[in-house]
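Worksheet: one structure, shown below.
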Amino acid sequence: MDLVALQGILDNLSFAVLFVTMLVYWTGAAFPQIPYLPALGMAGMAIANLCIATLLGARWLEAGYFPLSNLYESLFFLVWGITTIHLFAENMSGSRLVGVVTTPVAMAITAFAALTLPDGMQASAPLVPALKSNWLMMHVSVMMLSYATLMVGALLAIAFLVVTRGQNVELRGSSVGTGAYRDKAYRLTRSSESKVPLTTVAIQSGGTAVLSAPTQAISLSPQRLNLADTLDNISYRIIGLGFPLLTIGIIAGAVWANEAWGSYWSWDPKETWAMITWLVFAAYLHSRITKGWQGRRPAILAATGFVVVWVCYLGVNLLGKGLHSYGWFL
Amino acid sequence: MTTDRSFLTKLSGLGSAPRRYFKKELLPLLADLRLAIVLLLAIAVFSISGTVIEQGQSLSFYQANYPEHPALFGFLTWKVLLIAGFDHVYRTWWYLALLILFGSSLTACTFVRQLPALRWFTRNTSKFYTQPRQFQKFALSAEFDSASLDEAISLLEKRRYRVFRSGETIYARKGIIGRIGPIVVHVSMMLILIGGIIGAMTGFIAQEVAPSGSTFLIKNIVDAGPWAEPQFPKDWAVKVNRFWIDYLPTGEIDQFYSDLSVLDNDGKEVDRKTIHVNEPLKHNGVTLYQADWSIAAVQVKLNKSPVLQFPMAKLDAVGSRVWGTWIPLKSDLSDGVSLIARDLQGLLLIYDTDGKLISTVRKGMSVQVKGVTLAIADIIGSTGLQIKADPGIPIVYLGFGLLMISTMMSYVSHSQIWALQKDGKFYIGGNTNRAQVVFEREFLELLDQIGEQQQTLDSNIQLAKV
């Protein structure tokens, strides 16, 4: 089959699938009692993910090098990353709210790449001499993955801010392990307050023998995480995953620059913005363990990170300088 | 005697005052997390200014783009901009001061918080809980009427926990690597900063433009640290055997190549390599990178003359790089032509003294100009090399390697579970430092499994009774 025609079908298809998936997630959030919607949403995301993977694979086959040479390809790689991390986050949290925030962004990027970007910019282009290196694949793909991961993490932080608006919250989860202990109100609770009667589960799944119900009662029972806790912790975990990726991506770029041009750091605008992104998320990770900064403040930092990642990814290119141009506007 | 002693203590007290100030006041301030966060964000904000305002431009550029009337944002005129150093943000005293402060904060934090955290590993033995009330503090804890410690151990081990037992109490943990990660992150950041400082102090950058066939000593140092002197190459020179460019069929540049030899003082070749972009030559800690190119000269034959070499000079041209030379056609130099080249592909343009294009000629061909046969023997390119020594690189790379590994280690969540069997009851509780959601699921599954076991245990007892 003609690879170019296949790509044309796939990019529009992934847009359509993502659009429907977004509606599914939104409906599911508005009417949680409707069955099958969470599974449908997850399936939609998986289909979109596979469509984009095939699209990028076809381009790789066609051009003969890793498909990250222009804006179109990099946008689709970004969406592929976002859908992948979405599936990871949804699986980790079991919360359908993840899709409510990730699908609109994934859909909007796909719409821009597939529908708005002129055909001339969608065609694959030859690489310039400076980029003919195995480092390209390593550096650029890890950077793009880190952008996708940090974006999903930041989106979840935004969702957390929306869910907890007007509340005073304490965070769970940080390198020192804040929040793993009981709230004061629960400190002395005993049997009467058990929130999740786990024993009943155990009893229901019990043996076949004729028994009188065992009279064991759990007098000390687990205190569960609520929705805000879950969103916050998943956001933290996803950013915690994006941060090492960003670190590795920046270092790969630095080592490449040093091997190719003799300087691992040259204050190129893109380089500087990658450092700014790194600093903002480093501040986020530190703010979680700082007394007086917990609560919603780290989430606000993470939400700011969403804008910073976008400036780093595309905004810098509007300046039209340096080696990191996608051939856009210039 | 007594007065003497008190005087001495006073004296020593005076001597230790700065040290006490350092320990009690300065160190805690530097190690304060809030300072670290403020510094991280401040560096981020000031770095932005350097990406928005064009760096390293001429005075006239700033005068044109940042006029006094109307001033940008009401204050940002070119005078303010230049006084504050916004034309070279990353080299201003205030930016470097921020970086130094950041480095100090990082160092203080590493020694005050991170490294002492390693002590945690030595007090592992006292980790056992022997009182039921100790389980009340956990958000995730439960108690069972009867459950076996041995079963719990096997369940925990199946979940890849490392289990320690002391009598009727157990302590289990996994993902301890996640506790070491942040410590190593801080140490590797310090290594990168130290390596960067060493590089800035003892490294140098030089640039040389050398034609094919020439030999040069590295002399044109453009930037060097205060202690860079020992790095300068003194006992070896570089010979450019050949420089050439590969072009794509479309005429675009594919790659630049320089065949370089390193010669010792006696002119003997000690090293040789063909370098290109992304593939430098390294010798004695000095690295030569392919960075630029130029056209050095053209070799021509006029009628039956021997091969004559005319140097070519770069001409001021808008939008493209052009080299030219003038070739006399009469022995009294009263007439001649200009030869113009754009690249090393071999095409030359011939202009007369009036600036009119008369003809074109390719390398290896000849053309009749004003009754003279002009044959082009060769066009000599010269290679532009970026030459650099940075003794800090091994340390920076060590920091890079450790930082990559340790940030990944820091993703791992350190989970701990305690259990106790006492007075016929079984208590279990646990926590984790990062992955609360995943740990909660794991812990509840664990409770379910313990509950099931208890169930079967109970039913067996019941059956036995029947």
Side-chain angles (χ1 to χ4, degrees), chain A residues 92-93 129-130 132-133 172-177 180-182 187 198-199 201-203 205-207 209 211 214 216 218-225 229-230 233-234 237 240-241 243-244 247-248 251 254-255 260-262 264 267 269 272-273 275-276 279-280 282-283 286-287 289-290 316 319, chain B residues 33-34 36-37 40-41 43-44 47-48 50-51 90 135-145 182 253-256 277-278 280 287 289 291 386 388 393 396-397 400 403-404 407-408 410-411 427 431-438 440 443-444 447-448 451-452 454-456 458-459 462-463:
Chain A
M92 194 197 268
S93 66
K132 282 177 186 152
S133 162
R172 289 156 189 273
S174 66
S175 61
V176 294
Y181 301 99
R182 250 163 220 271
R187 190 163 283 260
L198 268 154
T199 33
V201 182
I203 291 162
S205 62
L211 316 160
Q216 31 135 348
I218 287 183
S219 49
L220 198 61
S221 67
Q223 179 187 329
R224 301 288 306 269
L225 300 170
D229 288 336
T230 307
N233 190 245
I234 295 301
R237 288 305 277 162
L241 187 65
F243 192 72
T247 311
I248 294 169
I251 289 177
V255 173
W261 305 289
Y264 55 86
W267 298 107
T272 311
W273 271 96
M275 184 189 81
I276 292 165
L279 290 171
V280 168
H286 283 88
S287 71
I289 53 173
T290 310
V316 178
L319 301 170
Chain B
L33 262 176
R34 282 165 299 182
I37 296 170
L40 287 168
L41 294 177
I43 295 172
S47 302
I48 293 174
T51 65
Y90 309 115
F135 288 84
Q136 285 170 17
K137 64 175 181 181
F138 295 115
L140 289 173
S141 58
E143 74 184 70
F144 294 85
D145 281 343
I253 289 169
D254 181 36
Q255 193 59 274
F256 313 99
V277 180
N278 284 329
T287 316
Y289 302 87
Q386 172 100 346
K388 194 206 69 168
I393 286 288
V396 172
Y397 273 25
F400 279 174
L403 186 63
M404 289 198 279
T407 50
M408 283 193 289
S410 304
Y411 181 70
Y427 304 89
N431 65 20
T432 195
N433 64 341
R434 296 195 179 91
Q436 253 72 35
V437 173
V438 174
E440 184 191 72
F443 192 78
L444 294 182
L447 291 188
D448 276 353
E452 270 167 36
Q454 182 178 3
Q455 183 75 20
T456 44
D458 286 348
S459 44
Q462 295 272 341
L463 284 171

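Protein chains get the first letters and strands the later ones, always in sequence-line order, with residue 1 at the start of each.
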query: Any sub-3.5 Å donor-acceptor pair from B:Ser141's side-chain atoms to B:Lys137's backbone N or O?
result: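 Checked: no pair found.
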
- prompt: Does the A:Arg237 side chain pair with the main chain of A:Ser93, one donor and one acceptor, at a distance under 3.5 Å?
  reply: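 Judged by distance alone, no pair lies under 3.5 Å.
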
Test side chain to side chain donor-acceptor pair (under 3.5 Å) applied to B:Tyr411 - qualifying residues, sequence neighbours left out: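 B:Tyr411 satisfies side chain to side chain donor-acceptor pair (under 3.5 Å) with no other residue.
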
task: Return the option, out of B:Val438, B:Leu41, B:Thr287, B:Ile48, with the maximum number of heavy-atom pairs under 4.5 Å with chain A.
output: B:Ile48

task: Take the angle between the ring planes of A:Trp267 and B:Tyr90 and call it parallel below 30°, perpendicular above 60°, tilted in between.
output: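 Ring orientation, 0 to 90° scale: parallel.
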
- prompt: Relative to chain A, which segment of B:Ile393 carries a heavy atom at a distance below 4.5 Å: side chain, backbone, both, or neither?
  reply: side chain

field: A:Met275 versus chain B, the contacting section by heavy-atom distance below 4.5 Å
entry: side chain

